[in-house]
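Notes for the one structure printed next.
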Amino acid sequence: MTLDKNFDPAAIEARWYEHWENKGLFRPERDDREPFTIVNPPPNVTGSLHIGHALDNTLQDIIIRHERLKGKDALWVVGMDHAGIATQMVVERQMNERQQKRTDFTREEFVEKVWEWKEESGGTITQQLRRLGCSMDWSNERFTMDDGMNEAVLKVFVDLYNEGLIYRDKRLVNWDPALKTAISDLEVETVDVKGQFWHFKYPLADGVTLADGRDYIEVATTRPETMLADMAVAVHPGDERYKSIVGKEVVLPITGRRVPIVADEHADPELGSGAVKITPGHDFNDFEVGKRAGFAAGEMLNMLDGEANVCQTADGLVPDEFIGLHRFRKEGVDGARELVVQRLKEQGFLIPHISKNKDGEEIQHDAEPRTIATPFGDRGGVVIEPWLTDQWYVDAETLAQPAIEAVKSGAIEIVPKSWEKTWFNWMENIQPWCVSRQLWWGHRIPAWFDENGQIYVAMDEAGAQAQAGAGVLLSRDPDVLDTWFSSALWPFGTLGWPEKTKDLERHYPNDLLISGFDILFFWDARMAMQGIHFMKDVPWKRLYLHGLVRAEDGSKMSKSKGNVVDPLGLIDQYGADALRFFMAAMESQGRDIKMDDKRVEGYRNFATKLWNASRFCEVNGIGASNTLAAPKAALPVNRWIISEVVETQRALDKALADLRFDAAANTIYHFTWDRFCDWYLELTKPVLQGEDAAAADETRIVAGWVLDQIIVMLHPFMPFITEELWHAMGERSYDLIVAKWPEPKAEIDAQAKAEVDWLIKLVSELRSVKVDLNISPGTKMTAHVRDGDDELEAKIARQGAALDRVGRLEAISFDAAPDGPSAQIVVDGATYVLPLAGAIDIDAEKARLTKTLEAAQKEAKSLSGRLGNPNFVEKAKPEAVEKARADLADKEAEAERLQAAINRLG
RNA sequence: GGGCGUAUAGCUCAGUGGUAGAGCACUUCGUUGACAUCGAAGGGGUCGGGAGUUCAACUCUCUCUACGCCCA
């Protein structure tokens, strides 16, 4: 097989992916090997691959391919999330386009349509993950609503209920009036918006007055409409202004409701008038105040329906003109808020806000402008309404304790460690988790009610009926569970739980979880809680959190900003390998990644470089190696490159073990390009083309082996090009994806390393001198060595061909240089005098040498200064002192030779 | 208000208790038959400000400033 002149990623990617998948190589049979397990964060069935997925999945694939190459039974579990709200919204939107709505159908019909949509259009992302090269186990692809997961979800719900860790409760929830469902605290996003602060007079009942004679109490609010459901006015118990009226009542304007004045710490005497209106049914703080004031949750007045329109309160006091109005101005139409303000103003209960304009004139406003931290639903996008309903709650506080302990004890290692604090802070202040959703798409809650409202929780209706007794009429709770309730079970539900399967036994706990920090609470924390509770062990031993991929300017990517980068476009342009390598190289712990196309292009170039190096090998008879261990080698350059492989592999393994993806990528990148391509292949050209057949054979064998090691070590990062080259370089008995990770069984050869390092330094100096003296790079030169020894002479003899070919140094003599113009270089204690044909620019050469001399002198001076400090010699580590002494000697010797060289110039 | 993070070359970022590195960009040169998606040689930073610990700090501590994120 001959490699094409140009590398075309598109031509090979699909072919290799299909090959791997069809041959089942993502999950080879390895029951006898050590297991290694990662579960993929199940993407939403509605989703398509975005740049964040590309990062997340590339990192996971690097790890799983690395472990697979190391021979482990590497399992990467994959599947999709039913994404309750998101999916229901997609299908409803499509219905709207056809002038239909969800409620035109029965629940069963609607759910059936969602399934149809899921089968037809859902899961685009799974094809896109394949394009990225991700080697997950598709043969066992899961879904959060497949039979096995259903079973797991039901069991978890029933068990938690029976243990008292799931309960039904009436309290305020975050209600999304757009989606008409409860949502959890995490799904609420608080945003600062410009709003207004109104001040009202609430008249005191029964002729009561304050000390100053006022017959009203002043309250202020950002939500005037809720006064229709006010049930109290609170003042601080220590507030002297109001002490006399605690226990008295006010008569609310508009409704005429008589409500008590209560003392409660919640009222801040410093804020406004110090008195606050209390609406327990529509405000979380007021709910608590209401409870303390003795109202039961069931007594708290509700004035809004599920769409946040005004409805009549239980006491019937809301005037008809308010009924049906939206809570506030919506789509240009005034709502209850505006009408309340208008009526209060008309009736003289509004206290105007006075401001001064720039001329010092007073201006009256209805309200004071103010920035208000306002809760929005993350999906529905409208203001959340605290609403009093019956919902199901998980006792998260109890479940969190072992999850906190797991991180404290090290059973779970969080990487980077800085996230531990966030984990603890959240877990230690965790609130009950509202898990019921008023949706149709999702896991229906396995709870049944009888006609008296008695609850029966069971795996199925028969079980509930058995509990209730024959003949009792039961109806099932219509609600479904929060999507995250099921994905929390992913690390064990996908392995067969509650069945005791072999997979479950072998692959739980998972070894590693890689996720973005944005789902730390939503998903990671809940997996930890559920996993530990049901499996009695942590879900994963390590948790790696990565950042966000940002736009080139550092801003967050969003559709509305139009700055979203499509990973598939990048794959089309540069190849999947280049995009993957970019992700790895940019992933340093604890930092977001800024998108940079130029850098992706750079890694495309890297792939091309490797391709061309392989072509060079191919035409020089270098091919697939037949040994895993490093070949025996005599030539220093071969011994050197083998040592470099050993060092590279050590550094790479360490970086991957530490989850330092950037260090790992850079290690293999620089070895391949700088060491192998730029030096090794250049230095061995004269050997390959030389007379010494034995040396050439050795070099071909070593070069083939090194290229193999590169291909294997690079495979986790760039799976496609490496698999292509693996096969192109020779006959293989297995595919690269299941090849063996390097085991060079060789040590670092210090002697060879020193020799090649010297050679590289000398060649670099030779090149440098030519540029400085304006000598054409191809010019062949001769050198006369001063201060050389036998060892140097031997080295020069061994490397003569390389010096000639790569250094353009055709002869080296140990005789004194002839008189006449020459350039001089100093390398490792010897001076090389390079006679030049014709005149040279003496000043340029002098300047060049002087610059080098000054650098050496500067360093020598700094070192001698340090060594001259008795404190340094006494207190510093002996190694540091030794090194300083050695460095000083070197630098002084170098400076001396350079000075001599300058002197010789006259 | 609480917590976390970041400030290093023009840009994007690594980095170590012993006076700094990469990629891109920039400058100059280059057809030594793998590669111009390339090669060679360079220029460019007192590592945000201040104080402290230390023989020695870009690296540790404190503080200030700026920016970002999360929570309340």
Side-chain angles (χ1 to χ4, degrees), chain A residues 3 5-9 185-186 188-190 373 416-426 429 517-518 520-521 547-548 550 552-556 574-575 578 582 585-620 622 660 662-663 665-666 669-670 673-674 677-678 681-682 685-686 689 763-780 804-808 858-859 861-863 865-877 879-881 883-884 887:
Chain A
L3 290 168
K5 184 154 172 24
N6 293 308
F7 169 53
D8 177 14
D185 297 345
L186 287 179
V188 176
E189 285 171 0
T190 307
K417 205 173 163 54
S418 54
W419 284 102
E420 279 185 2
K421 207 156 193 171
T422 308
W423 178 273
F424 294 138
N425 284 346
W426 189 71
N429 298 295
F517 63 72
D518 50 330
L520 175 62
F521 304 142
L548 255 48
R550 296 179 167 276
E552 204 135 3
D553 63 359
S555 63
K556 221 166 162 170
Y574 301 111
F582 166 80
M586 297 305 286
E587 175 59 20
S588 60
Q589 291 179 3
R591 197 164 186 143
D592 287 345
I593 292 178
K594 276 186 201 154
M595 203 51 230
D596 182 358
D597 285 16
K598 293 291 287 178
R599 192 118 181 188
V600 183
E601 184 185 343
Y603 293 124
R604 187 273 319 261
N605 295 352
F606 174 58
T608 307
K609 183 76 183 175
L610 176 66
W611 184 263
N612 283 313
S614 303
R615 284 178 59 222
F616 170 81
C617 288
E618 192 177 45
V619 300
N620 281 281
I622 295 162
R660 287 305 307 248
D662 55 344
N666 285 327
Y669 176 94
H670 284 113
W673 201 317
D674 303 348
C677 292
D678 287 349
L681 291 185
E682 294 304 324
K685 276 176 184 172
Q689 290 150 18
V763 170
S764 300
E765 283 292 319
L766 287 163
R767 286 168 174 170
S768 180
V769 82
K770 283 181 184 162
V771 170
D772 287 343
L773 298 182
N774 220 352
I775 298 163
S776 132
T779 309
K780 292 261 191 180
D804 184 7
R805 171 77 178 255
V806 185
R808 314 300 288 163
K858 191 179 163 202
E859 273 200 60
K861 194 179 162 198
S862 154
L863 287 163
R866 205 188 304 163
L867 285 162
N869 178 352
N871 281 326
F872 173 68
V873 182
E874 280 167 34
K875 297 187 184 174
K877 285 175 296 189
E879 308 92 83
V881 178
K883 186 176 183 307
D887 288 353

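Proteins get letters first, then strands, A, B, ... in listed order; numbering begins at 1 in each. What you are looking at is a predicted structure, and each value in this text was computed from that prediction instead of being measured.
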**Request:** Please measure how far the C1' atom in G17(B) lies from the corresponding atom in U12(B), and state the result in whole Å.
**Result:** 27 Å

**Item:** Matching residue for Asp596(A) among Met586(A), Glu552(A), Glu601(A) - test: side chain to side chain contact (heavy atoms under 4.5 Å, CB included)
**Value:** Glu552(A)

**Fill in**
Walking RNA chain B from its 5' end, the first of Ala585(A) and Phe616(A) to be reached, judged by nearest nucleotide, is Ala585(A)

**Message:** Measuring only the P atom in each nucleotide, how far is C26(B) from U8(B)? A whole number of Å is fine.
**Reply:** 22 Å

**Message:** The criterion is ring pair (Phe, Tyr, Trp, His ring centres under 6.0 Å); which residues satisfy it with Phe7(A), sequence neighbours excluded?
**Reply:** Trp611(A)

**Prompt:** Can you name the nearest heavy-atom pair linking Ala876(A) to Val881(A), along with the distance?
**Reply:** CB-CG2, 4.0 Å

**Prompt:** Given the P atoms of G49(B) and U59(B), what is the spacing between them in whole Å?
**Reply:** 10 Å

**Request:** Take atom C1' in G21(B) and the same atom in U28(B), then report the distance between them in whole Å.
**Result:** 23 Å

**Message:** Ring of Phe872(A), cation from Arg866(A) - is the NZ or CZ under 6.0 Å from the centre and inside 45° of the axis?
**Reply:** yes

**Request:** Let me know the distance between CD of Gln689(A) and C1' of U32(B), rounded to the nearest Å.
**Result:** 10 Å

**Residue pair Glu618(A) / Ile622(A), side-chain heavy-atom distance below 4.5 Å** = no

Enumerate the protein-to-nucleotides 15-19 of chain B contacts in which both atoms are nitrogen or oxygen and the separation is below 3.5 Å.
from	atom 1	to	atom 2	distance (Å)
G15(B)	OP1	Arg660(A)	NH1	2.9
G15(B)	OP1	Arg660(A)	NH2	3.0
G18(B)	O2'	Arg866(A)	NH1	2.9
G18(B)	O2'	Arg866(A)	NH2	2.9
U19(B)	O4	Ser862(A)	OG	2.9

**Request:** Take atom CZ of Arg591(A) and atom C1' of C67(B), then tell me their distance rounded to the nearest Å.
**Result:** 12 Å

**Item:** Nearest heavy-atom neighbours spanning Gly807(A) and Lys770(A)
**Value:** O-NZ, 4.0 Å

**Prompt:** Which is true for Asn869(A) with a 4.0 Å heavy-atom rule: it touches a base, it touches only sugar-phosphate, or it touches nothing?
**Reply:** sugar-phosphate

**Asked** Between C13(B) atom C1' and His670(A) atom NE2, what is the distance in whole Å?
**Response** 13 Å

**Request:** Kindly point out which of C69(B), A34(B), G5(B) is positioned nearest to the side chain of Ser418(A)?
**Result:** G5(B)

**Asked** Rounded to whole angstroms, how far apart are CD on Glu765(A) and C1' on G42(B)?
**Response** 13 Å

**Request:** Over 60° means perpendicular and under 30° means parallel, so classify the ring planes of Phe606(A) and Tyr669(A), tilted if in between.
**Result:** tilted

**Message:** Within the 4.0 Å heavy-atom criterion, would you say Cys677(A) contacts the bases, only the backbone, or no part of the nucleic acid?
**Reply:** base

Show each protein N/O and nucleotides 70-72 of chain B N/O combination with a separation under 3.5 Å, one pair to a line.
none

**Asked** What base-paired stems does RNA chain B take part in, with at least 3 consecutive Watson-Crick or G-U wobble pairs and both distances under 3.5 Å?
**Response** B:1-7 with B:65-71, B:10-13 with B:21-24, B:26-30 with B:38-42, B:48-52 with B:60-64

**Request:** Would you classify Arg599(A) as touching base, sugar-phosphate or nothing, given that sugar-phosphate means primed atoms plus P, OP1 and OP2, and contacts are heavy atoms under 4.0 Å?
**Result:** base

**Request:** Round to a whole Å and report the spacing from CG of Leu520(A) to C1' of C69(B).
**Result:** 13 Å

**Asked** Just how far, in rounded Å, is P of G5(B) from CG of Asn425(A)?
**Response** 12 Å

Pairwise N/O distances under 3.5 Å, protein to nucleotides 60-62 of chain B:
none

**Item:** Separation of the C1' atoms in A25(B) and G10(B), to the nearest angstrom
**Value:** 7 Å

**Message:** Does a side-chain N or O of Lys594(A) approach OP1 or OP2 of C11(B) to a distance below 4.0 Å, or not?
**Reply:** no

Give each protein N/O atom lying under 3.5 Å from an N/O atom of nucleotides 36-40 of chain B, with the pair distance.
from	atom 1	to	atom 2	distance (Å)
U37(B)	O4'	Asn605(A)	OD1	3.4
U37(B)	O2	Arg604(A)	NE	3.0
U37(B)	O2	Thr608(A)	OG1	2.5
C38(B)	OP1	Asn605(A)	ND2	3.0
C38(B)	O3'	Lys609(A)	NZ	3.2
G39(B)	OP1	Lys609(A)	NZ	3.2
G39(B)	OP1	Trp673(A)	NE1	2.4

**Message:** Nearest whole Å is fine: how far is G5(B) C1' from Trp419(A) CH2?
**Reply:** 8 Å

**Item:** Euclidean distance for P, G52(B) against C70(B) (whole angstrom)
**Value:** 38 Å

**Message:** Please give the distance between the C1' atoms of G2(B) and C58(B) as a whole number of Å.
**Reply:** 30 Å

**Request:** Classify the side-chain pair Asn612(A)/Arg615(A) by whether it contains a donor and acceptor separated by less than 3.5 Å.
**Result:** yes

**Message:** Quick test of your reading of the model: are Asp553(A) and Lys594(A) salt-bridged, counting only N-O distances below 4.0 Å?
**Reply:** no

**Request:** For residues Ser588(A) and Arg660(A), determine if any side-chain heavy atom of one lies less than 4.5 Å from a side-chain heavy atom of the other.
**Result:** yes

**Asked** Reckon Lys685(A) touches a base, only the sugar-phosphate, or nothing at all at heavy-atom distances under 4.0 Å?
**Response** base

**Asked** Say you pick atom C1' in A41(B) and the same atom in C47(B); how far apart are they, in whole Å?
**Response** 26 Å

**Message:** Rounding to an integer number of Å, can you tell me how far Met595(A) CE sits from G23(B) P?
**Reply:** 19 Å

**Request:** Could you tell me whether the side chain of Ser862(A) and the main chain of Lys858(A) form a donor-acceptor pair under 3.5 Å?
**Result:** no

